[in-house]
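Since the structure comes first, as structure tokens, the remarks are kept for the end.
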Amino acid sequence: MQLTSLTVWKFFLLTALLLVGSLKAHAEINLIKYQFGSDNETDIPTVYWAKPGSKAVIIFIPGGGGSFGLTKKTDPQPNWVLADLFRGSQAAVDLVFMDSHTSLQANFGDPYSRWSARREARHLDQIKATVSYYAKKTGKPVFLFGHSNGSLSIAEFLKHSPDHQKLLGGIILSGSRNETEISGVISLPVLVLHHRKDPNRWTMPESAEKLFLSIQKNNARLTDLAWVDGGKDVSGGDPTHTGRHMYHEATDEAAGLIWGFVAKSI
């Protein structure tokens, strides 16, 4: 049968629409029941995106104030680096966004006190509860991925108890704050991910390299340092929230480096 140009055009249009539809992630809102000490029972807001054929779960702990109200949105979709991880044909991972009902960053005081909530036992216990929930739900190794202030949460989580690292398949410390430190001997795959030209004074590339070397010295497992080179800064933008610090126009590069690390670790 001879195909007309109109028939061919319709075929390609249908194929394109099917491909676009396949990129859409089904959002599963999971409010993890949680009680800390004698407090009234509350929950941990999380969004879960399952990917067919996935081999691991990445739980993302965001930076900034850590509170984004994602579970209150209608059909929230993965964004930023998470979007590239989900769309990437090679990245066989489920994704989780760990949100917070309240801000984890104060607006006053010295730089250390601004993220003191990320050191509190309540926050660290919530990370443990989230990791345990998704490890049980999926039966897959769980990786923690924190960006900027989120890397502080992961570092404090590991410091809080030596048993915490036993719950994880690995960690990704991305665009980490200068203060980020993991002390003591560990045995856990670690990726330190950073933009080579990050202009943010709170997240300097030399601090990331120092963090990598300190972990490498005390880690019995894989320790990688990966630089993002692409992208650009935003004219007039705040380097804390935009530009190279956020892998602007290079999120696909960052996602590729993350998946490469996870693939080597599972």
Side-chain angles (χ1 to χ4, degrees), residues 58-68 70 77-88 90-91 93 95-100 103-105 107 111-112 114-115 118 143-156 170-182 189-216 222-264:
I58 293 180
I59 297 176
F60 178 60
I61 303 178
S67 180
F68 292 86
L70 204 63
Q77 293 293 298
N79 60 7
W80 191 58
V81 173
L82 301 185
D84 289 281
L85 277 168
F86 195 86
R87 286 196 300 259
Q90 300 300 317
V93 291
L95 300 174
V96 176
F97 189 105
M98 181 182 170
D99 214 334
S100 174
S103 176
L104 301 174
Q105 181 174 336
N107 295 318
Y112 193 78
R114 288 180 62 200
W115 55 268
R118 293 184 183 267
F143 288 73
L144 284 180
F145 167 27
H147 183 72
S148 199
N149 284 351
S151 288
L152 291 169
S153 292
I154 295 175
E156 295 300 319
I171 62 172
I172 299 119
L173 305 172
S174 168
S176 53
R177 287 282 298 256
N178 299 333
E179 305 96 325
T180 308
E181 180 185 20
I182 296 178
V190 177
L191 172 65
V192 177
L193 178 71
H194 216 89
H195 199 290
R196 196 183 298 272
K197 295 182 179 179
D198 188 340
N200 181 16
R201 66 190 180 104
W202 302 111
T203 59
M204 296 184 295
E206 50 264 42
S207 294
E209 188 166 12
K210 182 179 177 181
L211 173 64
F212 161 72
L213 292 172
S214 68
I215 296 173
Q216 185 185 49
L222 172 70
T223 309
D224 275 355
L225 173 63
W227 297 109
V228 175
D229 290 303
K232 61 183 180 181
D233 287 322
V234 178
S235 177
D238 181 352
T240 305
H241 303 107
T242 61
R244 289 186 172 95
H245 175 60
M246 296 301 297
Y247 309 134
H248 178 61
E249 295 189 4
T251 54
D252 57 339
E253 183 183 351
L257 292 169
I258 290 171
W259 167 242
F261 163 74
V262 172
K264 286 192 294 185

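Hydrogens, waters and symmetry mates are skipped; everything else that's a heavy atom, side chains included, is used.
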4.5 Å side-chain heavy-atom contact, I59 and F145: no
Discussion item. With a 4.5 Å cut-off on side-chain heavy atoms, are W202 and P239 touching?
Written reply: no
Any donor-acceptor pair under 3.5 Å linking the side chain of H195 with the backbone of G230? yes
Between F86 and P78 the two heavy atoms that sit nearest each other are CB-CG, 4.2 Å
Report task. Flag the pair I61 / I154 as yes when at least one side-chain heavy-atom distance between them is below 4.5 Å, and no otherwise. Result -> yes
**Report entry** Heavy-atom donor-acceptor pair, E253 side chain to D229 backbone, under 3.5 Å
**Finding:** yes
When rounded to the nearest 0.5 Å, the distance separating CG of L144 from OG of S153 is 9.5 Å
Between A255 and L85 the two heavy atoms that sit nearest each other are O-CD2, 3.6 Å
I want to check something: taking the side chain as every heavy atom from C-beta on, are Q77 and L82 in contact at a cut-off of under 4.5 Å? no
Counting only heavy atoms not in Q90, do more than 12 fall under 6.0 Å of its CD? no
F143 vs I171 side-chain heavy atoms within contact, under 4.5 Å: no
Does a donor on one side chain and an acceptor on the other come within less than 3.5 Å for R177 and T203? no
(request) Please report the C-alpha distance between L211 and L213 in whole Å, then the side-chain angles of each, then the deciding distance to 0.1 Å, and finally whether the side-chain contact (heavy atoms from CB on, under 4.5 Å) criterion is met. (result) CA-CA 6 Å; L211 173 64; L213 292 172; over 6 Å; no
*Give the C-alpha distance, both sets of side-chain angles, the deciding distance and a yes or no for side-chain contact (heavy atoms from CB on, under 4.5 Å) between I258 and L193.*
CA-CA 8 Å; I258 290 171; L193 178 71; 3.8 Å; yes
Only residue of D198, N178, T180 satisfying side chain to side chain donor-acceptor pair (under 3.5 Å) with S207 is N178
Nearest heavy-atom approach of S67 to S100 is OG-O, 2.7 Å
Check your understanding: Are H147 and W80 close enough that some pair of their side-chain heavy atoms sits under 4.5 Å apart?
Key -> yes
TODO: Report the C-alpha distance between L225 and E209 in whole Å, list the side-chain angles of each, state the deciding distance to 0.1 Å, and finish with yes or no for side-chain contact (heavy atoms from CB on, under 4.5 Å).
DONE: CA-CA 7 Å; L225 173 63; E209 188 166 12; 4.3 Å; yes
With a 4.0 Å cut-off on N to O distance, would you call R244 and D233 a salt bridge?
yes
Scanning both residues in full, the closest heavy-atom pair of L191 with A226 reads CD1-CB, 3.8 Å
Inset, instruction - With the side chain counted from C-beta on, respond yes when V234 and H248 share a heavy-atom pair under 4.5 Å apart, and no when they do not. - result: yes
**Asked** Can you check whether V96 reaches F60 side chain to side chain, under 4.5 Å on heavy atoms?
**Response** no
Notebook entry, point to check: Under 3.5 Å, is there a donor-acceptor pair between the side chain of N149 and the main chain of G64?
Noted result: yes
V190 and L222: side-chain contact (heavy atoms from CB on, under 4.5 Å), yes or no, with the steps? CA-CA 6 Å; V190 177; L222 172 70; over 6 Å; no
Heavy atoms of G231 and A250 approach each other most closely as N-CB, 3.6 Å
Starting from the C-alpha separation in whole Å, work towards a yes-or-no answer on salt bridge (charged side-chain N to carboxylate O under 4.0 Å, His left out) for R87 and D252.
CA-CA 10 Å; R87 286 196 300 259; D252 57 339; over 6 Å; no
Between W227 and P205, the two heavy atoms sitting closest are CH2-O, 3.5 Å
Value for CD (E181) from CG (L173), rounded to nearest 0.5 Å, stands at 12.5 Å
CD1 (I172) and CH2 (W259) are apart, to the nearest 0.5 Å, by 11.0 Å
Requested in this report: Kindly say whether R118 contributes a backbone atom to a donor-acceptor pair with the side chain of E156 at under 3.5 angstrom?
Outcome: no
*asked:* Any side-chain to backbone donor/acceptor pair from S151 onto G146? Under 3.5 Å, distance only.
replied: yes
- Classify the side-chain pair H194/S174 by whether it contains a donor and acceptor separated by less than 3.5 Å. no
